[in-house]
Number of protein chains: 2
Amino acid sequence: MARPRSFDPDDVLEIARQVFWQKGFQAASLDEITAASGIAKPSLYAAFGDKHALFLRVLDRYHDGILGWAERTLAQPGPAREAIRQWLTGFIPYCSGEKGQRGCLSINSATDGSLDQAALRKSIERYNRRLEELLCTRLRADRAQFKKGFDPDITAHTVMVVHAGLMALAHQTPDSKQVKAVIDQVMSLLA
Amino acid sequence: MARPRSFDPDDVLEIARQVFWQKGFQAASLDEITAASGIAKPSLYAAFGDKHALFLRVLDRYHDGILGWAERTLAQPGPAREAIRQWLTGFIPYCSGEKGQRGCLSINSATDGSLDQAALRKSIERYNRRLEELLCTRLRADRAQFKKGFDPDITAHTVMVVHAGLMALAHQTPDSKQVKAVIDQVMSLLA
DNA sequence: TCCATTATGTACTTTTAAGTACAGAACTTA
DNA sequence: TAAGTTCTGTACTTAAAAGTACATAATGGA
């Protein structure tokens, strides 16, 4: 029994994500987001709260997207190594060439010193924990495939480090072949 | 034949580095730097130019420091693997525990979307190129120690990726033992 | 049809931080 | 010691961006 919203919040989050991803949290202004989305500021504030809260929503959405895809990819049948290789390979477009310029929104946010807000840190930590958990679970499940002495926990963390490194170096837009070669080399650890 | 400077530019760069490292480029204000250094803004501007130019000076100094240390460490006698392991191990204080919070100034800057300035990009690229070159040179020199089929170029890049990943995940202040375990596992690739 | 309620858009306030004008201080050299 | 030059500090201007007040529009229900 009131005037209905004239926009889909999801659409706005999508646009806000693009702006934040392109510019970073600090450099992205709400004016840019209102301009890009056509939504006036008071509506934004009413729907999402202040800039930090909006960013948190955007980041959580981003995390959910990647986690969903990781869950699907890592649940694949076949050797764990191939599932993980495929997961990492899926990032190649985002850490080389044109799309690579932006890197990973989560890592960009984590390395942004201005974002030491508790809520942000928690979101990123939860995301990383969950991702590592997925890797770990898969490696443990397929433990029999590996050599004696293989440590799934450490290996999962190593894969996390490699993933973070690829995304951090994405801003230099490396050659995708080079990225692929690194993935191949690291995958030789899963034996 | 004029009034001399009342401060050592190097001291100011050191203080500016701390502020930029702590807060990030955007969030660090010149007022904080003037407060921390005791130097008034007009003196800062006269000595270093605007905020971007000051940051560039700070970053170049930072790069030089790390490169100098890398040159010394990687020139060590003995197996290449041990030299590189020692090099990576040296970063442990900076990617775990208390100091780790800040991560790496260069990587933080690279992932900061607001810094797509040409000069910044070039500085970071040159730094990464030089670092990879040092690794590469060392691995090539010790080629005989490795198995047939060992590729020093790809391996150097893999080490770069691992280094970047460790520094990117530094903000989560992981346990130093975990970091060490990852380094050990990756070093097994140098065989 | 009128009312209560919630969204919208314009235009504002406020804050913060970058950058600078200018007067005066400190030094060198003639 | 005076002139010329460059540095320093106070206080300012300016710009940008976060957040909001308020009048108005759109809806569901009585």
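The chains referred to below are lettered A, B, ... by the order of the sequence lines, with proteins before strands, and numbering in each begins at 1.
Minimum atom distance to the side chain of A/Asp50 is reached by D/dG19, of the listed C/dA21, D/dG19, D/dA21. When distances are taken from the side chain of B/Ala2 to each of C/dT6, D/dT6, C/dT8, the shortest belongs to D/dT6.
Shown are B/Lys23, B/Lys41, B/Lys51; of these, the salt bridge (Lys or Arg N to Asp or Glu O under 4.0 Å) with B/Glu32 is made only by B/Lys23.
Distance, B/Leu30 CG to D/dT13 C1': 16 Å, rounded to whole Å. In this structure, A/Phe48 places its CZ atom 12 Å from P of C/dA7, rounding to the nearest Å. For the pair A/Leu54 CG and D/dA17 P, the computed distance is 16 Å after rounding to whole Å. As rounded to whole Å, 11 Å separates atom C1' of C/dA7 from atom CD1 of A/Ile39. Regarding A/Asp31, its CG atom lies at a distance of 13 Å from the C1' atom of D/dA15, rounded to whole Å. The CD1 atom of A/Ile33 sits 11 Å away from the P atom of D/dG19 (whole-angstrom rounding). Put simply, NZ on B/Lys41 is 10 Å from C1' on D/dC12, counting in whole angstrom units. B/Glu32 places its CD atom 11 Å from the C1' atom of C/dT16, with the value rounded to the nearest Å.
Side chain of A/Asn108 to backbone of B/Asp112: no donor-acceptor contact under 3.5 angstrom is found. Looking only at distances, no side-chain donor or acceptor of A/Arg17 sits under 3.5 Å from a matching main-chain atom of A/Val58.
At D/dT8, one or more side-chain N or O atoms of B/Ser6 fall inside 4.0 Å of OP1 or OP2 (strictly under the cut-off). Contact annotation: A/Lys51 reaches the phosphate of D/dA18 (side-chain N/O to OP1 or OP2, under 4.0 Å).
Residue B/Ala40 is in base contact, counting any heavy-atom pair closer than 4.0 Å across all strands shown. Across all strands, A/Ala28 comes closer than 4.0 Å only to sugar-phosphate atoms, never to a base (heavy-atom distances).
Between A/Pro4 and A/His52, the one whose closest nucleotide on DNA chain D sits nearer the 5' end is A/His52.
Contact annotation: side chain of B/Arg3 to base of C/dC27, donor-acceptor pair absent below 3.5 Å. Side-chain N/O atoms of A/Arg5 and base N/O atoms of C/dA7 include no donor-acceptor pair closer than 3.5 Å.
A salt bridge is absent between B/Arg129 and B/Glu132: the closest approach of a Lys/Arg side-chain nitrogen to an acidic carboxylate oxygen does not fall below 4.0 angstrom. Using a 4.0 Å cut-off between charged side-chain N and carboxylate O, A/Lys122 and A/Glu125 make no salt bridge.
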